[in-house]
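So you know, we letter chains A, B, ... as the sequences are listed, proteins then strands, and number each from 1. The analysis underlying the following values was restricted to heavy atoms, covering all of them including side chains, and did not include hydrogens, waters or symmetry mates.
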There are 2 protein chains.
Amino acid sequence: MVSCPQCSGKEGLQRAGFVRGKQRFFCGACRYHFTVQSEILPKKKRHQTTILDIAAFLGISASTVSRALLNRYGISEATRAEVLRVAQELDYQPNLLAQSLSNQETHTIGVIIPDIERPFFASVVSGIQQVASESGYRVMVCQSNESHQVEVANVQALVASRVDGLLICHSTETTTFEHIRLQHRKGIPIVHFDRVCEDIDTSKVVQDDFGGGAAVATHLIQEGHRRFAILAGPENLLISRHRVDGFLHVLKQEGIAPEEVMICHSQFKPAEALHALHSWRTLPQPPEAVFCVHYGNAIDMMMEMKKNGGQIPQELAFAGFGEDKLAAVIEPGLTTVHQHPIEIGRQAALLFLEQILAADDFVPITRQIRGELIVRQSSVRKR
Amino acid sequence: MVSCPQCSGKEGLQRAGFVRGKQRFFCGACRYHFTVQSEILPKKKRHQTTILDIAAFLGISASTVSRALLNRYGISEATRAEVLRVAQELDYQPNLLAQSLSNQETHTIGVIIPDIERPFFASVVSGIQQVASESGYRVMVCQSNESHQVEVANVQALVASRVDGLLICHSTETTTFEHIRLQHRKGIPIVHFDRVCEDIDTSKVVQDDFGGGAAVATHLIQEGHRRFAILAGPENLLISRHRVDGFLHVLKQEGIAPEEVMICHSQFKPAEALHALHSWRTLPQPPEAVFCVHYGNAIDMMMEMKKNGGQIPQELAFAGFGEDKLAAVIEPGLTTVHQHPIEIGRQAALLFLEQILAADDFVPITRQIRGELIVRQSSVRKR
DNA sequence: GTGAAAGCGCTAACAT
DNA sequence: ATGTTAGCGCTTTCAC
C-alpha cells in the first residue's frame with residue numbers, strides 16, 4: 001500500500017492520473033502531490049499512436065505526416081496516401097488537446113444554462129448541438145442551477161478550458177455582469193440567449209416577448225375576458241417584464257388600465273402560484289383570466305383548480321408562455337406561446353459561428369425569434 | 001538570468017524580498033540592492049496571463065511559479081504568497097489544455113446519450129454533472145439521436161478529446177459494440193448505464209427492469225385485471241425484454257400463460273402505439289390492461305382513448321415505465337415505475353470515479369437501481 | 001528553495 | 001516536396 005511521503009498518511013490518498021507511465025497521487029490530508037513508478041505496468045501504460053509513430057514507421061518527418069493528415073498543399077499524392085494508410089493501420093487518433101494548444105482554438109463552444117432538466121433548455125441545447133456538430137464544433141454544457149455564484153464559476157471553468165466561445169442564459173439571481181464583461185473585453189465571442197444582458201455589446205437571441213405577451217392579451221380579449229391577473233417572474237427579469245409589458249400594452253389599447261390588472265411577482269415556485277391563485281379567487285371581483293409568464297405556474301394553478309372543482313375556463317381562464325407536452329396533455333389544454341427553443345439554440349450557435357467568421361470586423365447582432373400562440377381550451381369561452 | 005546592474009555579476013546574487021510586486025535582489029559582490037520588473041507588453045491581442053507572465057513579473061522562473069500555484073512541497077512561504085497574489089492581480093487562469101496535455105488527463109468525462117430532450121436523459125445528465133462537479137470534473141455531452149453511426153462518431157470525438165472516461169447509454173440501433181470494445185482495450189474507463197452491453201466487462205448502472213415489470217404485474221393483478229396486452233420496445237432492446245420478462249413472470253405465477261398475453265413490439269413511435277391500441281380494442285376479447293414498456297406510449301394511447309370517449313381504467317387500464325410530470329398531469333393519472341434517473345446518473349459518475357481511484361486493481365461493478373411503483377388512477381378499478 | 005531544460009503531441013514558419 | 005526548428009502553456013526531473 002502506498003503512503004504519503006510527506007505526512008505518511010494512507011487516508012485521503014487519491015490517485016491523480018498518470019505522468020509518463022507513473023501513477024500520480026494526491027494526499028488529501030496534506031495536499032501533497034507525488035508520483036510512484038508502477039511496477040505492475042511498467043512504462044507503457046496506454047500508448048496512443050502519435051504522429052511521430054507514423055513518421056518513424058515511414059521514415060519521414062513529423063511535419064510531413066501532419067501536412068498529409070491535414071490535407072495541406074505541397075505534398076505528393078504518394079506520401080499522402082501512404083501516411084493515410086499507415087494512420088489507419090495504426091489506428092491513429094489525433095490528440096485534440098495538442099492540436100488545440102498549438103492552434104489556439106479548441107473547436108469547442110461553452111454553454112451555460114440554468115437547468116438542463118427544463119424542457120426549454122434541453123431543446124435549446126439540442127439546437128445548439130445540431131448547428132455545432134454540423135460545423136465540427138463540440139459543446140460543453142454547464143448548469144448554473146439559477147445560482148449567480150455557480151454561473152461565475154462556470155464561466156471561469158469554460159474559459160480555463162479555452163472554449164472558443166460562450167453561449168449563455170443568465171441565472172435569475174444574476175444582476176451583475178462583471179464576469180461576462182471581463183471575458184468580453186478579452187475578446188472571447190459571447191452570445192446571450194433568452195435571458196440576456198443588455199448592458200454588454202454581445203450578440204443576442206431573444207424571444208419576441210413583448211409580441212408574445214401582446215398576442216396572449218389580444219386572444220383573451222377576443223374571447224371576451226375583461227378582468228385579468230398576471231403571475232409574473234422576478235421584477236428584475238427582463239423576459240418577464242417584456243411579456244407583461246406586451247400584455248398590458250394591448251389591454252391599454254382596449255381601455256383597460258394597468259392598475260386594474262392584478263399582478264403578482266414570483267420566483268416561479270409552485271407554492272407562490274397557489275398562494276396567488278387562492279388570493280385571486282377569494283376576491284370579491286375575481287379575475288376572469290390569468291396570464292402566466294411561465295407555463296409551469298399555469299399548470300400548477302390548473303391542477304389546483306381541478307382538485308377543488310373549479311371550472312376552467314368558465315370560472316377562470318388560463319394562458320401561459322412556453323410550449324410543453326404538458327400543455328397538450330392537461331385538460332383542458334393550456335393556451336401557450338410556443339417559443340421554438342430549438343430555433344433559439346440554433347440561432348445562438350449560428351451567431352457564434354458568424355462572429356468567428358467575421359473576425360475583426362464583426363458587429364454584434366440581435367436576432368428575435370417570434371413565438372407562436374397555440375390556442376387550446378383553457379382560454380376559450382364556450383358559446 | 002538576472003545579473004547585477006552595477007557589477008554585471010551573476011554570482012553572489014540573493015533574493016531580498018518583494019517590493020510592490022517586484023523581486024528585490026542583493027548583489028553579494030558589490031553590496032548593491034535592486035529590483036527587477038519585466039514589463040509585460042501585450043504582444044498579441046487576447047493575451048491570457050500565463051505562468052511566464054507571473055514569473056517575469058516577479059523575476060523568478062516559471063517552474064517556481066508552477067510549484068507555488070500547485071501548492072507543491074519545497075517552496076518558501078514568501079514566494080508562494082507573492083505568486084498567489086500576483087496571479088490574482090493579473091487574473092491568471094491556468095490553461096487547462098496545456099495542463100491536460102502535460103498531465104495526460106483532462107478531468108473531463110464524456111457522456112453519450114440518445115437524446116437530451118427526453119426528460120429521463122436530461123435528469124441522468126444532471127445527476128452526472130452533480131457528482132462530476134463535486135469532484136472537479138467537467139462533462140462533455142453528446143447525443144447519438146438513436147443512430148449507431150452517430151454514436152460511433154461520438155465515441156471517437158470524445159476519445160480524441162482525451163476524456164478521462166466514457167459514460168454511455170447505447171442507441172436503440174446499436175447491436176455491435178466494437179467501437180466500445182476498442183476503447184475498453186485501450187484502458188479507457190467506461191461505464192454503461194440504462195441500455196448496457198453485457199458482452200463487455202465494464203461497470204454498469206442498470207435499472208431493476210425485471211423487478212419493475214414484476215411490480216406492475218403484481219399491482220394490476222391485485223386490481224383484478226386478468227387479460228393483458230404489452231406494448232414492448234424493439235426485440236433486441238434489453239431493458240424492454242427485462243421489463244416484459246418480469247411482467248410475464250408474475251403472470252405465470254398467477255396462472256396466466258405468456259401466450260395469452262398480447263405483445264406488440266415497436267420502436268416507441270406514437271403511430272405504432274395507436275395502431276396497436278386500435279387492434280386490441282377491436283378484438284372480440286379485448287385486454288383489460290395495457291403495460292407500456294415506455295410511458296410515452298401509454299400517454300399516446302390514453303389521449304387517443306379519451307378522444308374517442310373510451311373509459312380509463314374501466315374499459316382499459318394503463319401502466320407504464322418511467323416517471324414524468326405528464327403521468328401526474330394526465331387524467332386519470334398514469335401508474336408508472338419511477339426510475340430515479342438522477343440517481344442513475346450519479347451512480348454512473350461514481351462508478352467512473354471509483355475506477356479512477358482503484359486504478360490497476362479495479363474490477364467492474366454493476367449497480368442496480370430499484371424503481372418505485374407510483375400508483376395513480378389509470379390502473380385502479382373503481383369499486 | 002530555485003532555475004534550466006526536457007517533454008506532452010501537434011502545427012507552422014522557415015529552410016532546403 | 002520535405003525536413004528543421006520553434007513554439008503553444010504547463011509540469012517535472014535534475015542539478016545546484
Please tell me if [X] has a side-chain N or O lying less than 4.0 Å from either OP1 or OP2 of [N].
X	N	answer
A:Ser100	C:dC10	no
A:Thr79	D:dT2	yes
A:Ser76	D:dA1	no
A:Ser61	D:dT2	no
B:Ser63	D:dT12	no

Measure the [atom1]-[atom2] distance between [X] and [Y] for me, rounded to the nearest 0.5 Å.
X	Y	atom1	atom2	value
A:Thr49	A:Gln93	OG1	CD	7.5 Å
A:Ser61	A:Ile54	OG	CD1	12.0 Å
A:His192	A:Ile168	NE2	CD1	5.5 Å

Considering every strand and a 4.0 Å limit on heavy-atom distances, what is the contact class for [X]: base, sugar-phosphate, or nothing?
X	answer
A:Leu70	sugar-phosphate
A:Ile75	sugar-phosphate
A:Ile60	sugar-phosphate

With a 3.5 Å cut-off and sequence neighbours excluded, list the donor-acceptor pairs that the side chains of residues 69-83 of chain A form with protein atoms.
from    : atom 1 : to      : atom 2 : distance (Å)
A:Asn71 : OD1    : A:Arg80 : NE     : 3.4
A:Asn71 : OD1    : A:Arg80 : NH1    : 3.4
A:Asn71 : OD1    : A:Arg80 : NH2    : 3.0
A:Arg72 : NH1    : A:Leu70 : O      : 3.4
A:Ser76 : OG     : A:Thr79 : N      : 3.2
A:Ser76 : OG     : A:Thr79 : OG1    : 2.4
A:Glu77 : OE2    : A:Arg80 : NH2    : 3.4
A:Thr79 : OG1    : A:Ser76 : O      : 3.0
A:Glu82 : OE1    : A:Arg85 : NH2    : 3.1
A:Glu82 : OE2    : A:Arg85 : NE     : 3.2

Report the distance from atom [atom1] of [X] to atom [atom2] of [N], rounded to the nearest whole Å.
X	N	atom1	atom2	result
B:Asn95	C:dC8	CG	P	18 Å
B:Leu96	C:dC8	CG	C1'	15 Å
A:Leu97	C:dC10	CG	C1'	11 Å
B:Ile54	D:dC10	CD1	C1'	12 Å
A:Gln104	C:dA13	CD	C1'	15 Å
A:Leu101	C:dG9	CG	C1'	9 Å
A:Glu82	D:dA1	CD	P	17 Å
B:Leu90	D:dG9	CG	P	15 Å

query: Are any non-hydrogen side-chain atoms of A:Tyr137 and A:Ile356 less than 4.5 angstrom apart?
result: yes
Short heteroatom pairs, N/O only, protein and nucleotides 14-16 of chain D, under 3.5 Å:
none

field: Any donor-acceptor N/O pair, B:Gln129 side chain to A:Val141 backbone, under 3.5 Å
entry: yes
field: Polar side-chain atom of A:Asp164 near backbone of A:Thr106 as donor-acceptor pair, under 3.5 Å
entry: yes
query: Would A:Gln48 and B:Arg162 count as a side-chain contact (heavy atoms from CB on, under 4.5 Å) if you check the C-alpha gap in whole Å, the side-chain angles of each, and the deciding distance to 0.1 Å?
result: CA-CA 10 Å; A:Gln48 287 270 13; B:Arg162 295 298 190 273; 3.8 Å; yes
B:Ser171 to B:His148 - nearest heavy-atom pair and separation: OG-N, 3.7 Å
- request: Can you see which heavy atom on B:Val159 is nearest to which on B:Lys186, and at what distance?
  value: CG1-NZ, 4.4 Å
- prompt: Between the two ends of the helix from C:dG1-D:dC16 to C:dT16-D:dA1, what is the bend in degrees, rounded to 10 degrees, where each end axis spans five pairs?
  reply: 50°
field: A:Tyr92 side chain, from C-beta outward: closest of C:dC10, D:dT2, D:dC10
entry: C:dC10
- line: From the candidates C:dT11, D:dT12, C:dG9, the one with an atom nearest any side-chain atom of A:Asn103 is C:dT11
message: Both A:Tyr73 and B:Gln99 contact DNA chain D. Which one's nearest nucleotide lies toward the 5' end?
response: A:Tyr73
